[in-house]
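Structure record follows, encoded as structure tokens.
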Amino acid sequence: MKAKIHVYLKPGVLDPQGAAVAGALHNMGYDEVTAARQGKLIELDLTGDDVEAARKRVDEMCAKLLSNPVIESYSIELA
Amino acid sequence: MKAKIHVYLKPGVLDPQGAAVAGALHNMGYDEVTAARQGKLIELDLTGDDVEAARKRVDEMCAKLLSNPVIESYSIELA
Amino acid sequence: MTQYAEGITAEIVKEHGINDAEYAVILDRLGRAPNLVELGIFSVMWSEHCSYKSSRAHLGKLPTKGEKVIQGPGENAGVIDIGDGPNGKKMACIFKMESHNHPSFIEPYQGAATGVGGILRDVFTMGARPVALMNALRFGAPEHKKTRQLVSGVVAGIGGYGNCVGVPTVGGETNFHAGYNGNILVNAMAVGLAEADNIFYARGAEPGQPIVYVGSKTGRDGIHGATMASAEFDDQSEEKRPTVQVGDPFVEKKLIEACLELMATDAIAAIQDMGAAGLTSSSVEMADKGGIGIALDMDKVPQRETGMTTYEMMLSESQERMLVIMKPGREDVAYEIFKKWELDVAVIGETTDTGRMVLTHKGEVVCDIPVAPLADDAPKYERPYFAPEVRAQLNAKDVAQPSHMGEVLLKIMSSPDMASKAWIWKQYDRHVMADTTASSEDPSDAAIVRVHGTNKALAITTDCTPRYCFANPFEGGKQAVAEAWRNLTATGADPIAITDCLNFGNPEREEIMGQFVGCIDGMAEACAKLDFPVVSGNVSLYNETNGVAIPPTPAIGGVGLIPDMAKRAHFGGMREGDILLVVGETEGALGASVYLKVIEGREDGGAPLVDLDAEKAHGDFVRGQIRAGRLSACHDLSDGGLACAAADMALASDMGIKLAHEGNVPMHGYLFGEDQGRYLLAAAKEDAIAILQDAKADDVPVHVVGLAGGTAVTVNGAHPLELDRLRAAWEGWMPALMDQLVEAAE
Amino acid sequence: MKSAVIVFPGSNCDRDAHDAIEKVTGQKPAMVWHQESELPEGTQFVMVPGGFSYGDYLRCGAMASRSAIMPAIVAHAATGAPVLGVCNGFQILTESGLLPGALMRNAGLKFVCEKAPLTVENANTQFTSRYEAGAQLLVPIAHHDGNYFADTETLDRIEGEGQVVFRYGRNPNGSARDIAGIINEQGNVMGMMPHPERAVDDGHGGTDGLALFESLLGSA
Ligand SMILES: Nc1ncnc2c1ncn2[C@@H]1O[C@H](COP(=O)(O)OP(=O)(O)O)[C@@H](O)[C@H]1O
Ligand SMILES: [Mg+2]
């Protein structure tokens with residue numbers, strides 16, 4: 001089984017990377033870009049095939065390690 | 001319009017962050033994790049509503065700036 | 001007069017940390033009830049953090065003047081004269097230390113990073129190019145469940161910010177103690193250089209001048225952070241997370257360059273960084289110091305988020321922002337420079353002659369209050385206190401003698417406070433700017449940073465021994481200042497002045513206030529006697545969790561000048577056959593010592609006493625010997641006494657030391673006692689003879705204590721500790737601690 | 001020799017590079033802002049300095065390598081003129097395709113600042129002619145992303161062509177084959193993670209970087 005975890009900054013939290021990327025795209029002439037945000041994508045390979053059990057475990061991993069609850073949120077996709 | 005760009009390391013490229021994540025999860029007792037990879041998720045807000053035109057432009061942005069072809073691949077989702 | 005404006009309740013006033021008496025003053029000064037924006041502004045300006053309401057009454061005791069002081073406390077940072085620069089122009093050194101304790105406990109990476117960003121802004125706001133960073137860190141017990149994660153995050157945050165802005169982090173100190181389990185201390189110090197006649201102050205604005213906002217956009221970051229920094233922790237504090245700000249060192253770097261470029265023109269009337277309580281404190285301070293009024297159009301404030309209210313904009317603590325009052329008609333100069341650096345810039349208002357702060361938002365006046373009361377009428381409390389009981393001295397004769405001194409030395413050198421902190425400082429770029437001559441990795445009692453393009457250097461140190469301050473606040477305060485002076489002296493520098501960061505618990509508790517007053521009194525005495533004035537500083541109170549306060553921790557940041565780089569000393573140059581000498585008397589003070597804690601598991605006993613006259617005489621003597629070129633190595637004696645200083649010297653010189661013990665002081669007291677005012681010197685035989693002769697003439701006590709040679713530290717030919725073993729243990733402790741850490745990526 | 005140091009927003013070793021070049025040549029290099037589209041008339045040596053251009057955001061060196069001045073640097077390199085990238089400059093040169101491979105996050109994931117032991121692998125380049133082949137140097141490193149990566153084929157090729165110029169004595173960051181610095185096939189574009197400009201006078205605690213500037217710039 002594979003888990004795809006998307007970790008992103010909570011709304012309202014400053015995203016310096018996103019801001020710099022938007023600036024660089026503007027400098028390169030991509031004026032249609034009005035904002036950019038950058039997040040992390042973590043992919044895990046998992047043994048087992050109980051999707052619901054896996055979701056619980058991955059959720060735990062996210063809360064404990066993969067995201068920083070002070071400034072980040074996350075979402076999980078299992079496949 | 002929003003573009004979601006997923007940038008990931010090509011197979012065979014070493015991924016120190018992914019390796020560290022897998023190692024840390026093992027130390028925490030998540031033995032079901034057999035591998036981890038870390039990529040980037042970049043979200044762009046775009047003006048205009050021609051999806052196909054946008055895709056071409058975003059593809060260009062990815063090739064020129066958002067990914068490094070020596071080590072990375074990317075995929076684009078528009079919505 | 002109605003007591004409360006529409007929508008305001010007693011509860012809301014209380015949430016703003018304003019008590020009844022304070023509220024009554026606001027009603028009186030306004031002649032009406034404040035609205036929410038006005039209440040918010042009073043609340044941040046009158047918070048402990050901005051107003052120093054509990055500490056002001058005592059801070060005044062600290063000596064702040066001296067021949068070399070250009071600007072003492074009261075501005076963004078202190079300024080001292082360091083003589084001529086590369087082009088013959090008079091140079092100044094500008095420095096300050098500040099705490100970021102509470103934010104770092106909640107979010108260690110961002111808390112520490114934004115602490116570095118904030119202290120850098122205090123320094124470059126005054127026109128200085130930052131040239132060095134230091135950090136003084138106190139963590140909980142190493143085995144405490146949170147400690148590793150906090151260490152890892154704080155260190156990464158300090159490095160992440162400092163490395164990126166390109167200012168070397170050259171030194172610091174790190175302690176571990178259970179007293180900080182629930183409340184770590186992260187104190188950062190920044191040092192900068194400027195031409196003495198091109199310093200910028202918050203004062204100097206006149207009516208009719210444009211107010212220019214530069215830097216990052218304003219978001220809803222850290223609203224009420226300033227009040228949080230002054231509030232005691234409880235178990236719910238971790239819920240207050242969203243108030244943590246995120247730093248952007250890339251923008252800070254651009255801001256430094258852009259501000260220095262703007263300052264090279266003559267277009268600025270006054271300038272102020274937006275620190276705690278951002279737009280509020282920066283505008284009020286400039287208005288107050290210039291004796292003028294201020295009018296802001298909130299619609300013009302660059303905003304990161306939509307729908308922001310005036311309240312949010314005025315209280316936001318978004319990072320990397322500055323407020324500049326320009327000379328009329330010179331706005332273009334600022335626009336051109338800040339556009340080049342791709343930073344936001346906007347004229348958001350102007351100075352007035354009304355003495356009032358008037359804010360307009362969407363065409364309506366949303367705040368109209370007199371400026372003066374915000375600063376002048378800030379509450380000032382003479383908090384009641386009692387002096388804590390002073391513990392009795394501890395005689396070495398009453399502490400059991402260990403059998404093998406080498407094994408004891410090994411244990412002490414690999415204990416948390418004494419072990420190498422390479423795990424930390426390897427994560428800091430110590431060499432960027434190419435002027436670092438000595439940093440954490442080098443055998444130097446202070447960091448040494450050259451004054452660019454000259455043969456002079458700054459010596460910089462941070463010091464405090466909280467165990468002593470806890471045992472005896474007065475002596476502990478004295479000792480912290482004396483140790484900083486001693487560390488600068490040991491490099492051959494002339495100590496010039498200090499900054500401080502006074503970290504204490506809840507001042508509303510009488511014993512805590514007693515610690516605070518005791519430490520200040522001790523510091524004041526040491527500063528006066530050593531001619532080592534305080535030029536800037538910061539107070540951090542309410543450092544406690546669930547009613548348990550941290551050990552009193554008045555961190556001292558000392559700065560000195562090495563006039564000639566050829567005449568300095570370090571402790572890595574000992575050569576075979578060198579004679580080892582101790583300057584100062586050894587009585588074996590084991591009270592509150594590292595020995596007692598590590599070997600006996602005790603923390604009792606009185607703090608060692610500092611004889612300031614002796615301190616001065618010994619230091620001046622040592623500095624003279626350094627400048628006479630007689631020493632191959634020089635090290636101050638502090639934690640762990642003679643044996644630990646000898647071990648440092650032996651490791652750094654890669655050469656053993658044969659110590660000799662004689663006299664009445666028991667061997668463990670002799671080796672590990674922490675008597676103050678002492679130095680360990682190594683010198684070739686003929687130099688040692690000359691030193692002893694000078695000592696006699698100057699009436700300074702100097703004793704021969706050993707000889708350099710071999711591959712071990714020994715005492716009276718016994719108790720051997722091989723250097724290889726010592727090095728492995730000393731270097732190994734911290735990696736062993738941290739390697740158990742489960743580390744998150746990024 | 002006329003030199004230029006390129007300045008990007010976030011460069012922070014630009015002054016250090018300037019001073020090292022001035023020390024060796026007695027001439028001040030031109031400081032060239034990234035938004036320029038041409039190098040100053042007569043420029044021979046171009047140095048891309050260290051730092052955190054664009055905050056190291058996205059990928060280290062990525063945004064800088066797309067800036068206005070880069071085409072001019074690429075064209076300059078094509079004429080065979082010397083170009084040196086140090087630390088972030090090395091990252092910018094790989095991102096721009098002037099040098100093969102990429103610099104990834106350090107294997108230990110932490111920023112590493114230390115004096116790194118290096119071996120001169122190739123003393124036959126215009127950057128290293130004043131070193132002995134096999135010489136052992138001590139040069140400061142300070143980076144978060146210095147872990148050199150290239151596919152096996154590329155690694156074999158650059159090894160075979162003598163394009164590995166410096167190797168670490170003790171690998172600090174996980175770099176493939178301990179690589180610390182490489183040169184292009186033509187021998188005029190070099191990139192390295194260690195900072196030679198931080199080892200050019202006694203106050204630095206070592207002068208092992210000096211010979212690099214002397215090799216290239218002649219004098220002293
Ligand atoms: N947090 C830190 N950051 C940088 N350097 C540190 C830190 N902690 C300790 N060090 C360095 O480790 C060395 C030993 O520190 P310390 O034992 O406190 O010195 P001293 O007793 O001479 O004041 C010093 O060079 C100091 O700068
Ligand atoms: Mg010392």
Side-chain angles (χ1 to χ4, degrees), chain A residues 1-9 11 15-51 53-68 72-78, chain B residues 1-11 15-51 53-67 72-78:
Chain A
M1 205 168 10
K2 274 192 198 308
K4 276 197 184 186
I5 300 152
H6 175 191
V7 181
Y8 46 94
L9 289 168
D15 176 7
Q17 306 219 54
V21 166
L25 288 172
H26 284 171
N27 287 344
M28 292 167 75
Y30 294 106
D31 293 325
E32 68 264 46
V33 177
T34 55
R37 280 169 302 281
Q38 184 168 328
K40 270 182 266 189
L41 219 126
I42 300 164
E43 275 184 20
L44 303 178
D45 292 350
L46 302 168
T47 56
D49 43 27
D50 179 342
V51 176
R55 186 181 302 280
K56 255 185 82 183
R57 295 275 287 178
V58 174
D59 193 64
E60 229 181 78
M61 298 179 209
C62 287
K64 282 199 194 157
L65 177 74
L66 303 177
S67 81
N68 175 351
E72 294 171 333
S73 303
Y74 58 88
S75 65
I76 299 170
E77 245 176 76
L78 283 167
Chain B
M1 206 168 7
K2 275 195 199 307
K4 276 198 185 184
I5 301 151
H6 175 188
V7 181
Y8 44 94
L9 290 171
K10 286 182 176 166
D15 175 9
Q17 277 138 315
V21 165
L25 289 171
H26 284 170
N27 287 343
M28 294 166 76
Y30 294 107
D31 293 324
E32 69 263 46
V33 177
T34 55
R37 280 169 304 282
Q38 184 167 323
K40 276 176 246 180
L41 216 124
I42 300 163
E43 277 183 19
L44 303 179
D45 291 349
L46 303 168
T47 54
D49 42 27
D50 180 341
V51 175
R55 186 178 305 279
K56 254 185 79 180
R57 295 275 287 180
V58 173
D59 192 64
E60 223 181 82
M61 295 179 211
C62 288
K64 282 199 192 159
L65 176 71
L66 302 177
S67 81
E72 294 170 329
S73 303
Y74 59 88
S75 65
I76 298 170
E77 243 176 77
L78 282 167

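Every chain is numbered from 1, with letters handed out A, B, ... down the list of sequences.
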Is the closest side-chain heavy-atom distance between [X] and [Y] below 4.5 Å?
X	Y	answer
Arg37(B)	Asp45(A)	yes
Met61(A)	Val33(B)	yes
Tyr30(B)	Leu46(A)	no
Leu41(B)	Glu43(B)	yes

Measure from the side-chain N and O atoms of Ser67(B) to the backbone N and O of Cys62(B), and report whether any donor-acceptor pair falls under 3.5 Å.
-> yes
Measure Met1(A) against the heavy atoms of chain B and call it side chain, backbone, both or neither at under 4.5 Å.
-> neither
Checking Ile5(B) against chain A: side chain, backbone, both or neither under 4.5 Å from a heavy atom?
-> neither
Who wins among Ala36(B), Ala35(B), Ala54(B) for the most heavy-atom pairs under 4.5 Å with chain A?
-> Ala35(B)
Most heavy-atom pairs under 4.5 angstrom with chain A, which of Leu44(B), Val7(B), Val58(B), Asp31(B)?
-> Leu44(B)
Among His6(A), Arg57(A), Met28(A), the residue with the most heavy-atom pairs under 4.5 Å to chain B is Arg57(A)
Interface check, chain B: of Ile42(A), Thr34(A), Val21(A), most non-hydrogen pairs under 4.5 Å belong to Thr34(A)
